[in-house]
Amino acid sequence: MLGIIAAMEKEITELKGLMQSEGSDVTVQKIAGMEFYQGRLFGHELTLVTSGIGKVNAAVAAEILIAVFKVRGIINTGIAGSLDNRIDIGDIVLSTDALEHDMDVTGLGYEKGVCPDQEVSIYPADEELRGIALEACRRVCSEVKVFEGRVVSGDQFISDKKVKDDIVASFGGMCTEMEGAAIAHTAWLSKVPYLVIRSISDKADDSAEMDYPSFQKLAIENETKIITEIIRLID
């Protein structure tokens, strides 16, 4: 079973509709205030959940998928801000790894981003899922560029260029958002494969803009196409 997490309801509404239109018997369980939709798509069992925004919500959703629904992999889909000027609005980033940029225990002698008393603080994404996602992007979203790289997350909405530059100087990264690394952290603890997929909402240097409703519509269309193609391609 594959688990799909999105921060906002709109980002998985179409996937729910696809499960229902295929004749799947979709069931709903409400746990920790979140609704988990179970069904089948293209013969594969799925559990979909809207986590809400932020790392705690995302981590709770991921742990429930793992502990209650016994998923064998998690995909987190959504929107992110660019940290790399090569990336244009609407382009896709697939995570190679993820870290929490707001983890800061430097006062106790740790480097920024390091979670004390853990083997790692940078959580590698699953290479097989990433390879499938890359092929899916090539098949159904050939009009946009696809980048593979680090996703950095924190409980902060990052729009200021100086803050972006500081994050890049400390951690590198392709994009920044508020959920992916928490899901990655949770998945790593339970040894469950994960992948973060992000549509990019802005230019790193703020040199280009698109009105948000138009961007969100485009992003959701692309994300839905990519996720459904991933499901088709999974053995």
Side-chain angles (χ1 to χ4, degrees), residues 3 5-8 31-34 49-68 71 73-87 93-127 129-130 147-198 200-202 204-206:
I5 301 176
M8 296 182 288
I31 306 173
M34 303 175 190
V49 60
T50 302
S51 66
I53 294 170
K55 292 196 302 177
V56 171
N57 285 329
V60 170
E63 181 57 25
I64 292 171
L65 284 174
I66 293 166
V68 177
V71 299
I74 294 174
I75 293 177
N76 174 218
T77 182
I79 292 166
S82 174
L83 296 175
D84 189 318
N85 280 333
R86 295 174 299 166
I87 306 175
V93 172
L94 307 177
S95 64
T96 55
D97 56 31
L99 64 80
E100 298 161 78
H101 68 74
D102 60 350
M103 175 62 71
D104 188 346
V105 198
T106 53
L108 297 180
Y110 295 91
E111 293 183 6
K112 287 178 67 175
V114 170
C115 185
D117 302 323
Q118 281 194 177
E119 294 176 14
V120 301
S121 297
I122 300 171
Y123 310 106
D126 183 71
E127 291 187 7
L129 274 178
R130 195 172 86 241
F147 295 83
E148 297 178 277
R150 176 167 296 166
V151 173
V152 297
S153 309
D155 282 324
Q156 303 165 3
F157 180 79
I158 307 296
S159 58
D160 184 86
K161 185 177 183 303
K162 183 182 182 304
V163 177
K164 289 184 178 183
D165 289 344
D166 289 344
I167 290 173
V168 172
S170 296
F171 309 112
M174 288 282 184
C175 62
T176 179
E177 36 84 301
M178 300 177 69
E179 294 85 28
I183 292 166
H185 190 159
T186 305
W188 175 80
L189 289 171
S190 294
K191 297 181 172 56
V192 171
Y194 88 91
L195 180 68
V196 176
I197 302 174
R198 286 289 183 264
I200 298 303
S201 62
D202 60 8
D205 59 4
D206 299 327

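Remark: Glu127 CD is loosely packed, at most 12 non-hydrogen atoms of other residues, nucleotides or ligands lying under 6.0 Å away.
A distance of 8.5 Å separates CG of Leu83 from CG of Asp202, quoted to the nearest 0.5 Å. From Arg130, atom CZ reaches atom CD1 of Ile197 across 12.0 Å, with rounding to the nearest 0.5 Å. With rounding to the nearest 0.5 angstrom, the OG atom of Ser153 is 10.0 Å from the CD1 atom of Ile167. Taken from NZ in Lys164 to SG in Cys175, the straight-line distance is 10.5 Å, to the nearest 0.5 Å. Distance CG/Leu65 to OG/Ser190: 11.0 Å, rounded to 0.5 Å. For the atom pair CD1 (Ile183) and CG (Asn76), the distance works out to 3.5 Å, reported to the nearest 0.5 Å.
Val152 and His101 make their closest contact through C-CD2, 4.1 Å (heavy atoms, listed as atom of the first residue, atom of the second, distance). In terms of heavy atoms, Cys115 sits closest to Ser121 at N-OG, 2.7 Å. Closest of all the heavy-atom pairs between Ile66 and Ala187 is CD1-CA, 4.1 Å. Across all non-hydrogen atoms, the minimal contact from Leu195 to Ala125 is CD1-CB, 4.2 Å. Considering every non-hydrogen atom in both Val49 and Ala61, the closest pair reads CG1-CB, 4.2 Å.
When the salt bridge (Lys or Arg N to Asp or Glu O under 4.0 Å) test is applied to Asp155, no partner is found at least two apart in sequence or on another chain. Residues forming a salt bridge (Lys or Arg N to Asp or Glu O under 4.0 Å) with Asp97 (at least two apart in sequence, or on another chain): Arg150. In this view, Glu111 satisfies the salt bridge (Lys or Arg N to Asp or Glu O under 4.0 Å) rule with no residue, not counting sequence neighbours. Listed by chain and residue number, Glu100, Asp102 satisfy the salt bridge (Lys or Arg N to Asp or Glu O under 4.0 Å) test with Lys55 (two or more places apart in sequence, or in another chain).
Note on residues 168-197: pairs passing ring pair (Phe, Tyr, Trp, His ring centres under 6.0 Å), not counting sequence neighbours, are Tyr123-His185, Tyr123-Trp188. Each salt bridge (charged side-chain N to carboxylate O under 4.0 Å, His left out) pair with one or both residues in residues 166-189, not counting sequence neighbours, appears once here: Lys162-Asp166, Glu177-Arg198, Glu179-Arg198.
In this structure, Thr176 contributes its side chain and Gly81 its backbone to no donor-acceptor pair below 3.5 Å. A donor-acceptor contact shorter than 3.5 Å is absent between the side chain of Asp84 and the backbone of Gly173. With hydrogens and angles disregarded, a donor-acceptor distance shorter than 3.5 Å links the side chain of Ser201 to the backbone of Ala80.
Side-chain contact between Gln118 and Leu189 is present, with at least one heavy-atom pair separated by less than 4.5 Å.
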Please evaluate residues Asp104 and Thr106 with respect to the criterion side chain to side chain donor-acceptor pair (under 3.5 Å), reporting the C-alpha separation (whole Å), side-chain torsions for both, the decisive distance (0.1 Å), and the verdict. CA-CA 6 Å; Asp104 188 346; Thr106 53; 2.7 Å; yes
